[in-house]
Amino acid sequence: MSAVSTQATAGPKPLGPVPQALRTYFRGIGQVMFQCNAWTGLLFLAGIFWGSYECHLPQVAWGAVVGTIASTLAGYPLRGKAADSGEGLWGFNGVLVGCAFPTFLENTWQMWVALIICAAMTTWVRRAFNNVMAPWKVNSLTFPFVFLTWLFLFAAKYLDTMSPDALSTAVLAETFHGTEGLDMSFGSLVIYWLKGISQVFLVNSWVTGVFFLVALAVSSRWAAAWAAIGSAISLALAIMFGAPASDISAGLFGFSPVLTGIAIGCTFYKPNLRSAIWSVIAIVATFFIQAGMDGLMMPFGLPTLTGPFCVTTWLFLLPLYEMDKLNPNAVDHSDWNNKK
């Protein structure tokens with residue numbers, strides 16, 4: 001009887017070093033969409049592999065693997081908060097670097113060295129940015145990935161061994177033909193919608209979008225719902241306002257609104273009517289901010305990455321700093337995991 005009682009009160013058995021490391025690793029991938037769930041991260045990675053091989057870019061999948069390892073390991077010398085390691089917060093910027101470098105740069109060994117360096121730096125830059133933003137109770141989100149990737153892509157334009165062969169040509173202005181030639185059938189619209197979700201990890205595959213929705217639902221049905229809503233709203237706006245057909249069909253207007261929807265709708269605020277309305281407004285704003293940033297970055301020939309999501313989420317969190325007292329369901333903006 002005493003043995004049973006002791007077992008009942010002892011709590012779960014601590015994980016060994018290998019299972020703990022794997023859980024941390026996959027949580028790092030899941031945290032790209034604010035999910036502190038290793039199974040979600042595993043399914044994200046499976047979706048990345050599927051889409052990368054489908055698009056004949058297997059280096060993107062392996063870049064995700066390497067980038068997460070590099071950024072996670074880079075956190076240990078800092079002796080930062082133990083929670084950051086256990087919750088996977090050292091990994092999410094690194095996995096995005098790992099997806100971006102093979103997408104935009106030539107597949108050379110020098111690119112892989114630069115990828116490891118940049119992914120590791122995101123962990124350190126994240127801590128620096130978070131320290132600066134702490135007084136406003138917001139954090140850097142994926143901006144360490146955006147900021148460092150921009151710098152490395154700029155550098156690649158001057159380095160022969162990292163040819164930016166997939167970057168846009170730098171131009172001062174460009175004329176688009178709106179939605180001309182866009183397939184508006186229901187099946188195609190569903191594919192564009194799913195690609196808007198898959199492009200969070202820079203993967204152009206509707207099957208990957210299905211993987212990601214399932215992965216989100218494993219952790220949070222609200223997160224899955226807001227990902228779906230964010231991509232749907234952005235797709236409707238892109239068609240309504242005549243965005244480039246090639247961008248629409250590739251889901252390039254969906255990924256930042258997807259992240260904004262999850263952030264505002266169910267991460268920094270618990271789901272309720274008020275946060276839902278605020279989230280929809282934020283998703284709409286993200287679409288226009290992304291279009292504006294696309295034009296802004298055009299003369300540099302650089303992608304906006306998740307920059308529009310970062311800017312919009314900051315703008316929609318900062319005004320509510322004093323209004324949190326009126327919302328009993330609000331959570332602390334400074335740490336998206338404290339509601340778990």
Side-chain angles (χ1 to χ4, degrees), residues 17-18 20-38 40-42 44-45 48 60-105 111-134 136-156 162 200-202 259 263 267 305-307 309-310 313-314 332-338 340:
V18 173
Q20 177 66 40
L22 288 174
R23 186 175 69 174
T24 296
Y25 179 85
F26 288 116
R27 279 182 171 180
I29 300 173
Q31 287 284 14
V32 171
M33 296 197 210
F34 305 100
Q35 304 308 304
C36 181
N37 186 299
T40 296
L42 178 61
F44 280 171
L45 188 59
I48 294 169
V60 172
W62 293 107
V65 171
V66 173
T68 310
I69 292 173
S71 59
T72 301
L73 292 178
Y76 290 99
L78 296 179
R79 296 183 180 179
K81 293 190 298 182
D84 280 9
S85 169
E87 302 300 327
L89 296 178
W90 293 340
F92 69 96
N93 280 290
V95 66
L96 291 174
V97 170
C99 291
F101 273 47
T103 297
F104 298 113
L105 302 177
M111 182 276 291
W112 287 98
V113 173
L115 185 158
I116 293 171
I117 294 171
C118 184
M121 288 179 64
T122 61
T123 302
W124 309 328
V125 171
R126 172 183 174 270
R127 181 172 178 179
F129 282 170
N130 284 351
N131 288 340
V132 172
M133 296 178 173
W136 293 277
K137 292 190 176 182
V138 295
N139 62 59
S140 57
L141 305 172
T142 59
F143 193 67
F145 149 67
V146 174
F147 175 72
L148 288 172
T149 301
W150 279 344
L151 293 182
F152 274 72
L153 292 181
F154 266 128
M162 290 202 309
V200 171
F201 286 89
L202 294 91
L259 291 172
T267 299
L305 305 174
T306 56
F309 148 66
C310 294
T313 301
W314 291 332
D332 185 356
H333 300 157
S334 62
D335 183 356
W336 65 57
N337 289 294
N338 63 4
K340 304 246 178 227

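Note that these values count all heavy atoms, side chains included, but never hydrogens, waters or copies made by symmetry.
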Does any part of the side chain of Leu305, heavy atoms only, come nearer than 4.5 Å to the side chain of Phe104, both counted from C-beta? yes
Identified side-chain contact (heavy atoms from CB on, under 4.5 Å) counterpart of Pro144 within the set Asn93, Thr149, Thr123: Asn93
Might you work through the side-chain contact (heavy atoms from CB on, under 4.5 Å) test for Trp62 and Trp112, ending with a clear yes or no? CA-CA 10 Å; Trp62 293 107; Trp112 287 98; 4.2 Å; yes
Less than 4.5 Å apart, any side-chain heavy atom of Phe309 and any of Val146? no
Partners meeting side-chain hydrogen bond (donor to acceptor under 3.5 Å, both in side chains) with Thr306 (sequence neighbours left out): Thr142
Can you find a heavy atom in the side chain of Cys118 that is under 4.5 Å from one in the side chain of Leu151? no
Do the non-hydrogen side-chain atoms of Phe152 and Ile117 ever get within less than 4.5 Å of each other? yes
Beyond-backbone contact of Ile29 with Phe92, side-chain heavy atoms, under 4.5 angstrom: no
Ala156 and Met162: which non-hydrogen atoms are nearest, and at how many Å? CB-O, 3.2 Å
Compare every heavy atom of Leu259 with every heavy atom of Val200, then report the nearest pair and how far apart it is. CG1-CD2, 4.0 Å
Between Tyr25 and Val65 (side chain of the first, backbone of the second, donor and acceptor by atom type, cut-off under 3.5 Å), is there such a pair? yes
Distance-only, no hydrogens or angles: does the Ser71 side chain make a donor-acceptor pair with backbone N or O of Trp90 under 3.5 Å? yes
Leu115 CG to Met111 CE distance, which is reported to the nearest 0.5 Å: 6.0 Å
Between Asn139 and Asn130 (side chain of the first, backbone of the second, donor and acceptor by atom type, cut-off under 3.5 Å), is there such a pair? no
Side chain of Gln31, backbone of Glu87: donor and acceptor closer than 3.5 Å? yes
Can you confirm whether Val60 sits close enough to Leu202 that some side-chain heavy atom of one is under 4.5 Å from a side-chain heavy atom of the other? no
Look at atom CH2 of Trp314 and say whether more than 12 heavy atoms of other residues, nucleotides or ligands are closer to it than 6.0 Å. yes
To the nearest 0.5 Å, tell me how far Arg23 CZ sits from Asn37 CG. 10.5 Å
Looking only at non-hydrogen atoms, find the nearest pair between Cys99 and Thr103 and report the distance. O-OG1, 2.6 Å
For Trp124, give me all partners under side-chain hydrogen bond (donor to acceptor under 3.5 Å, both in side chains), at least two apart in sequence or on another chain. none
Is the shortest side-chain heavy-atom distance between Leu141 and Phe129 below 4.5 Å? no
How close do Ala64 and Leu45 get, counting heavy atoms only, and between which atoms? CB-CD1, 4.3 Å
Would you check if Leu153 and Leu105 make a side-chain contact, meaning some heavy-atom pair closer than 4.5 Å? yes
How far does CZ of Arg127 sit from CG of Leu89, to the nearest 0.5 angstrom? 13.0 Å
Where is the tightest heavy-atom contact between Phe34 and Thr267, given as atom of each residue plus distance? CB-OG1, 3.6 Å
Minimum heavy-atom separation for Ala70 and Ala119, please, with both atom names. CB-CB, 4.0 Å
